Amino acid sequence: MKRAGFTSAWLPAMLLLPQLAVIAIFFYWPAAHALRSSFYLQDPFGFGETFVGLSNFTSLLTSAAYSRAAWFTVFFTLIVTFGSLSIALLLAVKADKVIRGAKTYRTLLMWVYAVAPPVAGVIGLIMFNQSWGPLKEFFALFGWDFKLGVNYFDTAFAMIAVSIWKQVPVNFIFFLSGLQSIPKSVREAALIDNRSATGRFWDITFPLLAPTGFFLLITNITYAMFDTFGVIDTVLKGQPGNNPMTLVYKVYVDGFRGNDLGGSSAQSVVLMVLVLALTVFQFRMIERRIHYT
Amino acid sequence: MTRISLASAAALALFANAASAQTEISWWHAMGGALGDTVNQIATDFNASQSDYVITPVFKGTYEEALTAGIAAFRAGEQPNILQVFDAGAATVIAAQGATIPVQDLLIDNGVDFNIEDYISGVRYFYADSEDKMIGMPFNSSSPIMYYNVQALEAAGVTPPKTYEEFETVTAPALVEAGYIPLAQSHSPWIWVENFMSRHDLPFATNDNGYTGLDTQILVNSPELKMHWSKVKEWRDAGFYEWYGAAWNDNQKPFEEGKVAIWMGSSGSFGGLSKLDLPFDFSATVLPYWESVTTEPKQTFIGGAALFAMSGKSDAENAATAAFFQYLTSPETQVMWHKETGYVPVTTAAYEMAKAEGYYDELPAAEVGIEQLSLPAGEHTKGYRMGFYVQIRDVMNREFGRILAGDTSVDDAFTVIEAESNELLAKFAQTQG
């Protein structure tokens with residue numbers, strides 16, 4: 001067998017260089033900076049600094065506000081991930097069956113994908129507006145006095161609803177193409193074995209969708225933890241007050257709004273460790289058990 | 001071909017000439033909407049008033065965003081000549097000696113007459129250092145005042161309350177009876193902590209409210225403030241006060257809609273309110289006080305923001321900045337700014353000028369902010385200076401929201417505010433080490 005390869009070591013190195021440079025400049029260098037400043041307290045203008053060891057980290061552990069944000073992030077991530085995946089799956093399964101006007105349905109379902117997170121947040125602000133929001137008025141019919149920005153739970157509800165709404169289309173696209181790649185022969189064989197549509201779904205379709213589902217699970221967790229920033233920022237209108245916020249938003253609030261560079265660097269180091277753990281989990285634990293066809 | 005390049009060379013030469021003749025400076029600010037239009041107007045007028053300098057204002061978002069952008073730019077060596085920094089960011093920018101040129105030095109070095117006594121008393125020392133040297137040029141200066149819906153108060157048969165006792169026993173019940181929500185306010189830390197302290201002449205922090213040292217401790221866990229917030233919570237439960245969230249406009253809106261009868265906001269809101277077509281007449285008066293705390297209420301702190309001359313610029317550009325500051329503090333510019341926006345004129349001369357023009361006979365409410373700032377000063381009314389104050393305000397806002405939502409008690413909330421604020425102050429002291 002003929003082995004294809006480079007004759008010298010130079011060319012591959014040169015070809016890799018741009019990519020490596022991008023990673024080094026835009027990822028490792030800032031990460032190293034964040035790591036360094038997490039051990040210091042620094043004057044915002046850069047005039048003075050004090051080495052404080054691990055105290056930026058220990059003060060996170062004792063901070064009630066930080067643990068509230070951490071717990072909120074956990075719940076928020078779970079609900080947004082589960083909500084957007086399950087709604088998208090349901091829609092994809094139903095859309096898969098539609099024959100007439102299928103393209104129109106699908107296009108309409110994917111539409112929201114084009115909405116930028118801050119715009120989605122603004123739409124949320126309009127829908128949930130305190131004095132005239134349509135959804136607020138709808139909830140009032142059931143006796144729910146919805147108060148965005150005043151009530152912790154209501155604000156959390158609005159953030160979660162907007163984040164799910166924003167994420168459903170992406171998941172929908174992936175699930176739909178996943179469904180369409182299931183071979184017709186498998187489906188027909190299943191049809192003979194089992195007459196119940198629900199049964200067929202859980203026994204055949206769902207396991208075959210697992211690779212797609214797993215990929216989406218990871219991207220949705222990342223989305224809920226990091227990419228919802230724009231939604232949260234808009235819903236909070238620049239005044240966090242007693243409202244819920246995620247850990248990423250807290251990095252911004254403390255670092256960019258509050259100018260505490262050391263404290264917020266420590267928080268971003270914690271997040272880096274979390275992402276690292278998520279990646280290890282993805283590759284070590286689950287990739288081995290899920291078979292991509 | 002030759003002709004074209006000759007023509008462009010000539011154009012280039014002209015352009016270069018124009019550029020060398022005029023010194024260009026930049027001004028980063030946080031004045032959006034109608035305020036931004038007025039800022040642009042001031043810049044245009046300044047540019048038209050002389051031919052040596054050109055100033056370009058740039059809108060940088062909210063106060064917090066403008067400060068952050070300025071800091072980031074400074075660290076990258078790309079800072080503007082003038083940066084607008086708000087009250088809560090004052091400690092950060094003033095502590096970073098070397099980041100700015102004290103405005104007093106800038107003006108004197110460039111041959112502009114400067115006398116701190118020309119500034120009205122409430123404005124004079126807020127942006128000054130511990131030796132009373134003015135560091136930042138007070139620009140949009142405001143104070144919290146009490147706006148009211150004239151028809152609502154008439155319908156209820158009451159006058160604007162002078163004290164919180166009067167509000168609680170007379171004004172609020174009558175307004176509820178008349179079908180109004182009696183009270184809302186737009187900025188809890190500013191109105192019901194900071195200015196609560198100055199109005200009642202209570203110490204806000206150790207080290208002379210933080211002016212004389214970095215090892216400052218906040219003094220908010222006080223019986224007076226806790227009493228006030230217990231009352232606020234009671235009022236909310238009784239329907240005397242409604243809270244619409246931590247964002248400014250959420251609380252101003254119900255007043256504009258005529259639902260809320262009395263709204264505590266900024267004297268700088270005056271211009272915006274007068275331009276609206278409100279379904280009622282509004283007027284304003286000074287903030288109430290607790291008679292049980294003091295019988296001699298004092299002036300309030302100035303709020304709003306100041307302009308700081310950033311360091312690291314050429315002498316020519318600094319001269320341009322000084323010339324602009326001189327233009328900005330001229331009585332004519334001050335009166336124009338005052339009338340357009342409702343922010344107070346910062347110099348006595350400008351105040352006298354507005355008075356002489358009969359402006360306050362026409363609109364008495366426009367004078368309330370400056371009247372309140374000109375009330376007798378007390379021991380603790382000069383201002384406050386605390387690092388990481390933006391975060392301290394966020395802590396207050398969070399805990400006040402929790403009090404009002406019933407998630408925490410007043411005692412616990414103030415214990416938390418005190419502890420977290422002191423932790424932030426200690427951290428800030430370390431950043432200066």
Side-chain angles (χ1 to χ4, degrees), chain A residues 37 40-53 55-56 58-60 62-66 68-69 125 128-132 147-155 233-245 250 252-264 266, chain B residues 61-65 67-72 74-75 79 89 92-93 95-100 187-188 242-250 253-254 257 259 387-395 397-405 407-408 416 420 423-424 426-433:
Chain A
S37 47
Y40 287 84
L41 278 170
Q42 202 181 65
D43 171 69
F45 282 89
F47 285 108
E49 63 178 6
T50 313
F51 180 78
V52 293
S55 96
N56 284 329
T58 49
S59 71
L60 289 184
T62 54
S63 154
Y66 190 74
R68 253 201 306 274
L125 281 183
F128 292 105
N129 186 291
Q130 263 190 44
S131 45
W132 44 263
K147 284 201 169 144
L148 182 69
V150 172
N151 185 309
Y152 184 93
F153 178 80
D154 293 352
T155 314
D233 188 43
T234 328
V235 169
L236 293 183
K237 300 176 197 167
Q239 285 297 341
N242 61 325
N243 292 303
M245 60 174 112
K250 195 161 166 52
Y252 162 77
V253 166
D254 292 353
F256 290 86
R257 183 183 157 88
N259 295 311
D260 174 13
L261 299 177
S264 92
Chain B
T62 63
Y63 280 138
E64 289 88 353
E65 286 163 353
L67 175 60
T68 303
I71 290 173
F74 182 83
R75 296 184 68 136
Q79 69 271 30
T92 308
V93 67
Q97 286 163 10
T100 64
H187 197 322
S188 307
E242 185 53 9
W243 181 64
Y244 299 88
W248 183 282
N249 272 326
D250 290 345
K253 198 95 196 136
E257 288 166 353
K259 283 191 229 162
F388 285 153
Y389 195 68
V390 178
Q391 290 196 73
I392 294 178
R393 269 189 179 170
D394 281 351
V395 170
N397 256 325
R398 188 188 74 220
E399 292 304 315
F400 294 153
R402 286 161 52 81
I403 291 176
L404 293 170
D407 294 341
T408 185
V416 169
E420 288 194 27
E423 200 182 311
L424 285 164
K427 263 178 147 185
F428 186 76
Q430 278 183 299
T431 67
Q432 302 300 309

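Computed from a predicted structure; not experimentally measured. By convention in this document, chain letters (A, B, ...) are assigned in the order of the sequence lines, proteins followed by strands, and residues within each chain are numbered from 1. Computed over heavy atoms, backbone and side chain alike; hydrogens, waters and symmetry mates excluded.
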Steps toward side-chain contact (heavy atoms from CB on, under 4.5 Å) verdict (A:V253, B:Q391): CA-CA 8 Å; A:V253 166; B:Q391 290 196 73; over 6 Å; no

Interchain contact, A:N151 with chain B, by part (heavy-atom threshold 4.5 Å): neither

Segment of B:E242 engaging chain A (4.5 angstrom heavy-atom cut-off): side chain

Contacting region of B:V93 [heavy-atom separation from chain A under 4.5 Å]: both

Point-to-point distance, once rounded to the nearest 0.5 Å, from CD of B:Q430 to CD of A:E49: 12.0 Å

B:Q432 side chain reached by A:D43 side chain, heavy atoms, under 4.5 Å: yes

Chain B contact via A:Y252 - which portion, at a heavy-atom distance below 4.5 Å: side chain

Shortest non-hydrogen separation from B:R75 to A:L261 and the atoms involved: NH1-CD1, 3.3 Å

Where B:F388 and A:G258 come nearest, the two heavy atoms and their spacing: CD2-O, 3.3 Å

Which atoms of A:P44 approach chain B - backbone, side chain, both or neither, heavy atom under 4.5 Å: both

B:G245 versus A:V150, closest heavy-atom pair with distance: N-CG2, 3.4 Å

4.5 Å side-chain heavy-atom contact, A:S131 and B:K259: yes

Shortest non-hydrogen separation from B:W243 to A:N242 and the atoms involved: CH2-OD1, 3.5 Å

Part of A:L236 within contact of chain B (heavy atom distance under 4.5 Å): neither

Residue B:E423 versus chain A: region with a heavy atom under 4.5 Å: side chain

Whether A:F45 and B:F74 hold their rings parallel, tilted or perpendicular, with breakpoints at 30° and 60°: perpendicular

B:L424 CG to A:D260 CG distance, which is reported to the nearest 0.5 Å: 7.5 Å

Shortest non-hydrogen contact from A:G241 toward B:A246: CA-CB, 4.0 Å

Non-hydrogen side-chain atoms of A:N259 and B:L67 separated by less than 4.5 Å: yes

Non-hydrogen side-chain atoms of B:R398 and A:N243 separated by less than 4.5 Å: no

Heavy-atom side-chain contact between A:V52 and B:K427 under 4.5 Å: no

Close side-chain approach of A:Q239 to B:H187, heavy-atom, < 4.5 Å: no

Residue selection (most heavy-atom pairs with chain A, distance under 4.5 Å) from B:N397, B:T68, B:V390: B:T68

Proximal component of B:T62, with respect to chain A [non-hydrogen, under 4.5 Å]: neither

Separation of A:F47 CZ from B:Q97 CD (nearest 0.5 Å): 9.5 Å

